[in-house]
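Each chain gets a letter, A, B and so on, in the order its sequence line appears, and its residues count up from 1.
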2 protein chains.
Amino acid sequence: MSDAAAAAPGADRLWSVDEHLADILRTVRPLEPIELQLLDAQGCVLVEDVTVPAALPPFDNSSMDGYAVRAADVRDASEKFPTVLTVVGDVAAGGDGALVAVGPGQAARIMTGAPLPPGAEAVVPVEWTDGGLGGGPATTMSAGGIAGGASGEGAGLGAVRVHRPVTAGAHVRARGSDVAAGDLALAAGTVLGPAQLGLLAAIGRATVTVRPRPRVVVLSTGSELVPPGGELAPGRIHDSNSYLLAACARDAGALAYRVGAVEDDAATLRATLEDQIVRADAIVTSGGVSVGAYDVVKAALTGLSGDEGRVEFRRLAMQPGKPQGFGRLGPGRTPLFALPGNPVSAYVSFELFVRPAVRAMMGLEPPERPVIRAECTEPVGPSPRGRRQYLRGRYADGRVTSVGGAGSHLVGALARADALIVVPEDVTSVPAGAEVDVILLD
Amino acid sequence: MSDAAAAAPGADRLWSVDEHLADILRTVRPLEPIELQLLDAQGCVLVEDVTVPAALPPFDNSSMDGYAVRAADVRDASEKFPTVLTVVGDVAAGGDGALVAVGPGQAARIMTGAPLPPGAEAVVPVEWTDGGLGGGPATTMSAGGIAGGASGEGAGLGAVRVHRPVTAGAHVRARGSDVAAGDLALAAGTVLGPAQLGLLAAIGRATVTVRPRPRVVVLSTGSELVPPGGELAPGRIHDSNSYLLAACARDAGALAYRVGAVEDDAATLRATLEDQIVRADAIVTSGGVSVGAYDVVKAALTGLSGDEGRVEFRRLAMQPGKPQGFGRLGPGRTPLFALPGNPVSAYVSFELFVRPAVRAMMGLEPPERPVIRAECTEPVGPSPRGRRQYLRGRYADGRVTSVGGAGSHLVGALARADALIVVPEDVTSVPAGAEVDVILLD
C-alpha cells in the first residue's frame, strides 16, 4: 500500500485493489452442485470423482474391417501362397448377438467394432485378403450380409484367400484396453470439455454433477439512459453498460440476464432488485455509487439491516474504478457488485472483481486472468501516485501500446483494446521500452 | 507429399491432410449476414463498417460530482482563502433539460454525467469545496435536490466555498471527445466482444449485421450404439461421438443440434438427413465411412446426383482418421462431413477439418488453430511412414508428452490430452528431446 490513507481504518479509508478482491473472494462461495445432462455441463467443473462402471470396450472387438481368424491357420499365408479359409458367417457391429464360432480352417467376415467371434484370435484386414472374391487384394467389402442377414451361420458362404499372417490379438481391441471397471475416469475438479463429455458418454453416464453457471443479473442505473435504438432527448445518452456487462458476464462463463436501465429513484431500484433477485446468483449494477446527490445505488443500498443484507461502498486506490460497492443482498445473501457508471470504469471493475467472482462460483481455478510482462512501445502516463492505474492497450509479440489514454468515458478506445496495462501505485510514469504488467483480454 | 500413392490420380489415391483441408475451405462459404440484436451477435464477425451517427458524448458533461463554475471566478481560490460562489441550481444527469445558467460569481451543483450548464466552463470536484455546508472539505454531497427538485433556478440556494482553482475544461468531457460523428466506430471484420458491443450500444445501435453462428447437425451411425444411461446388451456400446462432436461444434462457435445415433440402414439414414437438413448449415456424421460391408454413410451417400448433391469418400494419408467423407448435400448444397467412427479419429478429424470450416462459415480468421513447437519429453512412435500422425499429448512450458499412444479407441487418454502432437509423413519415430509441431486444444 503506497498511500498513507489506504492504511487508515474506517469506512472512509482507501482500499487497495488486492484488498477489495480478497474481500470478494472470501465472500463468494462456489455454487451448490447440480446434476446436468452432459451437454448442459459443457464448460462446468465436475464435483465428483467419476469411476468407470464397466470395462471399455466392453468386449474384444475388431479395429478393422476384415476377417476374424485363428492365428495358427494363417501363420504361413503370403501373397504368393495365400491361405484359403472357409467363410462361416458375417459379424457386424450391433448384430443380433448370435455369434458364429470360428473353427480351424474357418474365418468370419467382421466389421470394425464388431465383437470377435468365439474361436477367433485376430483379425486380418480386408486389404490383406481377396475379399472372398477370388481375385487380388481387395480394397473394400461387398455390401450387406453374405447370406442376406447381418449375422449368418453355416457352410457354403464361400472362401477367402488370406495373403499375410497375423499374430493373436492383431487388430483386436481387447476388452478393457481403453479403461477398466473401477478406474478413475475423471477426477473432481475437471473442467468438462468435448473430450471429457465424450468419455462420460462412452462409459454410459447420461448426467453428471457439476457446479452450474452462475445466473448474473445486470442492470444499469441513470435517469439519463435511453436504450440503443431510441431517440436521444437533450441531456440523454444511450445505455451501453447493461450490454457491455452482460456480454462480460457471459464471457466469464455466467448466464447473463440483462435488465435495462433503471432511473435514479431508490424505490424503483429497490423494487427492481426485489423482482430480479429470485433468479440471480449474483447482481451487477452500474452507476450511482459515487459521492453525488443522486447516487441511487448508494442511496438505496446503504444501511441495510437484518435480512436485507449488507452492501459496503468503498473508495479504491485505483483508476479508473475508484468508487465500488460490494456486499450481499437479501435473505439469500446474493452477492451484489455495484460498479461505477462510466463504461470504461465499469468494464475494468468487472474484469478485476466480478469475473474472478463468477469463476470462483463455478469452481474454476485460478479465478483471475493471468498477468504477463510486456515492453511499452511508448511512454505511459501520467498516472496518479497512490493509485493503481489500468490503461487500455493493444498487445502484440511481447509489446504493448496504450490506446485512448486515461479517460474513463472512452468506449471508442476500449473497443480497440485487447489488454489492460497495469501501472503500480508508486509509479507515476513509465518510459518507452520499460516493462509493465499486462492483463490480456480475450 | 512423401508417399508415392498420394500423388496418384483417381478416387483411390491417398489425399494429404493439407489437400483435404484445402478442398473443404475452397468449398464452404461464409454464411449470409443477418441482422441480430446486440447480445445475440456476441462472438460473431461484423460485416459492415459501422460509423458513428452522432458525437459521443453528445454534449459537454461533468466527469465529477461537484460545482459547475466560470474559471475566472475561482482563479484565486485556495484552502486559506476560498472563493465563495452563490449556488443557483442543481444539475443531475437525466434531469428535465431546463438548465440553470451560471453567471459571474455563481455556481451550479452538478453530478457526474450531467450536461454542463450555459455559462459554466469547468467543474470543481466536491472534494475541493465545502459542499455548500460552510465547513471544511466535503467528501460527499447532500442527497436529493437542493430546493426539492432535480433542477432548480433562482437565488437563495446557498453558497459554496471553493478551495482550489480550475482551468476552463477541467473535469468536463467535451462533446465528441470519445467519438465524433462520421468516425469509423468498428470496421467490417471485427469480432464482437463485450467492448465492441458496448460501443455499438453507446452510439445507439440496437442491432448489427453479422455472419451468424452455423447450425451444425451432429449424428452418430451404428446399430451397436446405445444412448448413455441405457443398458448395454451384448455387443453394444454407448454412443459417445454425438456428444463429443456436438461439444466440439459448440466449442468451435457453432450452434450444435445433436441427433442421436442412427442405425446402420441406408434408408433410415437418408430419411434422418432429409429431416435434419432444413435446420443445418452443416452436417457432421460419424461412423460408416470405411471399407466394411455395413458402412452405411458411404452406402447412403455414394453416387448422389443432381439435386441430391455430391459426397466423396477418400483415404487420407493420416493416422488416425484415414477414411473421410466430404461433400455437399441436397439442393441447398449443405456441407457434410462424414467422419470415421472411432471416437479419437472422429475428434481429430473434427479438429482438423470441421472446426476450420465452422470458423470459415463465421468469417473468423484464421480458420485453423495455431501450431507451436514443443520439445518431446519422451520418445514418440512408431509412426507409419507416408502418413501424418496426430498423437494426443499433454503440453506444459514448451514441452509435450504423448498420452495413450496411437490407439484410436482410447477415449480415456483423449480426456487427459490438451494437445495434438504432429508427426510428419516422412518421420517414423521422434527421439526424446526433439522438437515437434503441437496443436494446443483449449
Among A/Ala417, A/Ala138, A/Gly235, the residue with the most heavy-atom pairs under 4.5 Å to chain B is A/Gly235

Is it the side chain or the backbone of A/Leu192 that comes within 4.5 Å of chain B heavy atoms, both, or neither? neither

Looking at chain B, which one of A/Ala185, A/Ala346, A/Ala202, A/Ser242 has the largest number of heavy-atom pairs inside 4.5 Å, strictly under? A/Ala202

Per-residue contact mode, B/Pro57 against chain A (heavy atom under 4.5 angstrom): side chain

A/Asn241 portion near chain B, given a 4.5 angstrom heavy-atom threshold: neither

Show the numbers, then the answer: is there a side chain to side chain contact (heavy atoms under 4.5 Å, CB included) between A/Val291 and B/Met64? CA-CA 9 Å; A/Val291 297; B/Met64 301 288 283; over 6 Å; no

Sub-3.5 Å donor-acceptor pair from the side chain of B/Arg109 to the main-chain atoms of A/Gly292, do we have one? no

Where on B/Ser177 is there a heavy atom nearer than 4.5 Å to chain A: the side chain, the backbone, both, or neither? both

Here the gap from A/Ser240 atom OG to B/Leu200 atom CG, rounded to the nearest 0.5 Å, amounts to 10.5 Å

Mind listing the closest non-hydrogen atom pair of A/Pro194 and B/Tyr347 along with its distance? CB-CE1, 4.4 Å

Find the distance between CG (B/Asp442) and CG (A/Asp442) and round it off to the nearest 0.5 Å. 10.0 Å

A/Arg236 and B/Pro58 have their tightest heavy-atom pair at O-CG, 3.7 Å

Checking B/Pro228 against chain A: side chain, backbone, both or neither under 4.5 Å from a heavy atom? both

Taking side chain as everything from C-beta outward and backbone as N, CA, C, O, which of these in B/Leu232 sits under 4.5 Å from a heavy atom of chain A? Side chain, backbone, both or neither. side chain

Please classify the contact of A/Ala299 with chain B as side chain, backbone, both or neither, using a heavy-atom distance under 4.5 Å. neither

Nearest 0.5 Å, please: how far is NE2 in B/His238 from CD1 in A/Ile203? 9.0 Å

What is the distance from atom CZ of B/Arg205 to atom OH of A/Tyr243, rounded to the nearest 0.5 Å? 13.0 Å

Does any heavy atom of chain B fall under 4.5 Å from the side chain of A/Glu127, the backbone, both, or neither of them? side chain

Kindly compute the distance separating CE (B/Met111) from OG (A/Ser223), expressed to the nearest 0.5 Å. 12.0 Å

For A/Ala93, is it the side chain, the backbone, both, or neither that has a heavy atom closer than 4.5 Å to a heavy atom of chain B? both

I want to check something: taking the side chain as every heavy atom from C-beta on, are A/Arg416 and B/Thr190 in contact at a cut-off of under 4.5 Å? no

Which residue, B/Asp178, B/Leu199, B/Val179, forms the side chain to side chain contact (heavy atoms under 4.5 Å, CB included) with A/Leu410? B/Asp178

So how far is it from A/Leu38 CG to B/Leu244 CG, rounded to the nearest 0.5 Å? 11.5 Å

If one checks every heavy atom of A/Ile110 against chain B at 4.5 Å, the contacting part turns out to be neither

Sort B/Leu56 into side chain, backbone, both or neither according to what part of it lies under 4.5 angstrom from a heavy atom of chain A. side chain

Do B/Asp90 and A/Tyr294 come close enough that some side-chain heavy atom pair is under 4.5 Å? yes

Between A/Arg250 and B/Asp40, what is the shortest heavy-atom contact and its length? NH2-N, 4.5 Å

List the atom of B/Leu39, the atom of A/Arg258, and the distance in Å for their closest heavy-atom pair. CD1-CD, 3.8 Å

Turns out that what part of B/Glu263 lies under 4.5 Å from chain A's heavy atoms comes down to neither

For residues A/Asp295 and B/Thr112, determine if any side-chain heavy atom of one lies less than 4.5 Å from a side-chain heavy atom of the other. no

Cut-off 4.5 Å, heavy atoms of chain A, and the answer for B/Asp239 is backbone

